[in-house]
J.: 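Got a structure here, written out as structure tokens. Questions coming.
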Amino acid sequence: MARKPEKIEIMRILLVEDDPSVAASVIDGLVNASMEVDHVSTGKEAISKALSENFELILLDLGLPDMDGQDVCRTVREKSTTPIIILSARSEEIDRVLALEFGADDYMVKPFGMRELVARIRAVARRTGPADATPPTATQDIGPLSIDRRSQKVFVNGVDVYLTPKEFDLLAYLATDPGAVYRRNDIMSEVWDTNWYGTTKTVDAHVAALRKKLGNQEWIEAVRGVGFRLGVPDS
Ligand code: CA
């Protein structure tokens, strides 16, 4: 079958963040992911830019020097459908329901890994944008492990490993930022459901099954009292 020539779309992102060091690392990460970033550090500038220029997505810090990020979000949302991801510090932690209520499409709690942020940006863009706006994601290789998110297939040293859909989702989530620790609650809400009130034993059971199927007990590492991380060696 003939493939459509791949069109490289540069996503244009508006970053609203008053902390220079956070802004610098986010800009760095997004530029590395072939995105173009416009950066402002106040709510006023954010609203005027968001409503006068075209962006594929807005990353919005909640704690801004001149106004509350929630009000920026509401004001922009009244006139624009540009997707918004809230960046919230732990001290101003919000829940997803509240974020959705003031018009955001998703939120991330600082500190976050750049790979996770890029993955979320792409996910929100896919969800909200035209069907073929984002190029297909390639297979992710982490040492002997390969994860193909399009076909939901996992390979260890090239050998196909059968995973249940939830096992796949769990592995793919931990692989968003290999080496980063994911909290149990985040794992539950991301992999299972935002409104999932089940027992954390489900996570442990799936981790145990994954370890067995991947044939290595050490790749998914438990971090006591926090959660799990994917620690596959690089080679
Ligand atoms: Ca801030």
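Atoms within each ligand, like the ligands themselves, are counted from 1 in listed order. This is a predicted model, so every value here is computed, not measured.
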J.: Check this for me: does any side-chain nitrogen of one of Arg120 and Asp106 sit under 4.0 Å from a carboxylate oxygen of the other?
T.: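 Answer for the salt bridge query: yes.
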
J.: For the Ca ion (ligand 1), give me the closest N/O/S atom belonging to Asp18, just the atom name.
T.: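 It is OD1 of Asp18.
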
J.: Pick one: which of Leu87, Asp38, Asp61 meets side-chain contact (heavy atoms from CB on, under 4.5 Å) with Leu15?
T.: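 For Leu15, the side-chain contact (heavy atoms from CB on, under 4.5 Å) test succeeds with only one of Leu87, Asp38, Asp61, which is Leu87.
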
J.: Answer yes or no: are there more than 12 heavy-atom neighbours, outside Lys213 itself, under 6.0 Å from its atom NZ?
T.: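 Buried by this count: over 12 neighbours within 6.0 Å.
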
J.: Strictly under 3.0 Å, is any N, O or S atom of Leu62 next to the Ca ion (ligand 1)?
T.: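 Within the cut-off used here (under 3.0 Å), Leu62 places no N, O or S atom near the Ca ion (ligand 1).
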
J.: With a cut-off of 3.0 Å, does Glu17 place any N/O/S atom under that distance from the Ca ion (ligand 1)?
T.: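 Checking the Ca ion (ligand 1) against Glu17, no N, O or S atom falls under 3.0 Å.
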
J.: Among the N/O/S atoms of Asp61, select the one at the shortest distance from the Ca ion (ligand 1) and name it.
T.: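 Asp61's closest N, O or S atom to the Ca ion (ligand 1) is named OD2.
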
J.: Report whether any nitrogen, oxygen or sulfur of Asp19 sits less than 3.0 Å from the Ca ion (ligand 1) (N, O or S, backbone or side chain).
T.: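 Of the N, O and S atoms in Asp19, none lies under 3.0 Å from the Ca ion (ligand 1), which means no.
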
J.: Can you confirm whether more than 12 heavy atoms, excluding those of Asp160, are under 6.0 Å from its CG atom?
T.: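 Correct, the count exceeds 12.
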
J.: Could Glu53 and Lys49 be called an ion pair, given the rule that one side-chain N must be under 4.0 Å from one carboxylate O?
T.: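 So Glu53 pairs with Lys49 through a salt bridge.
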
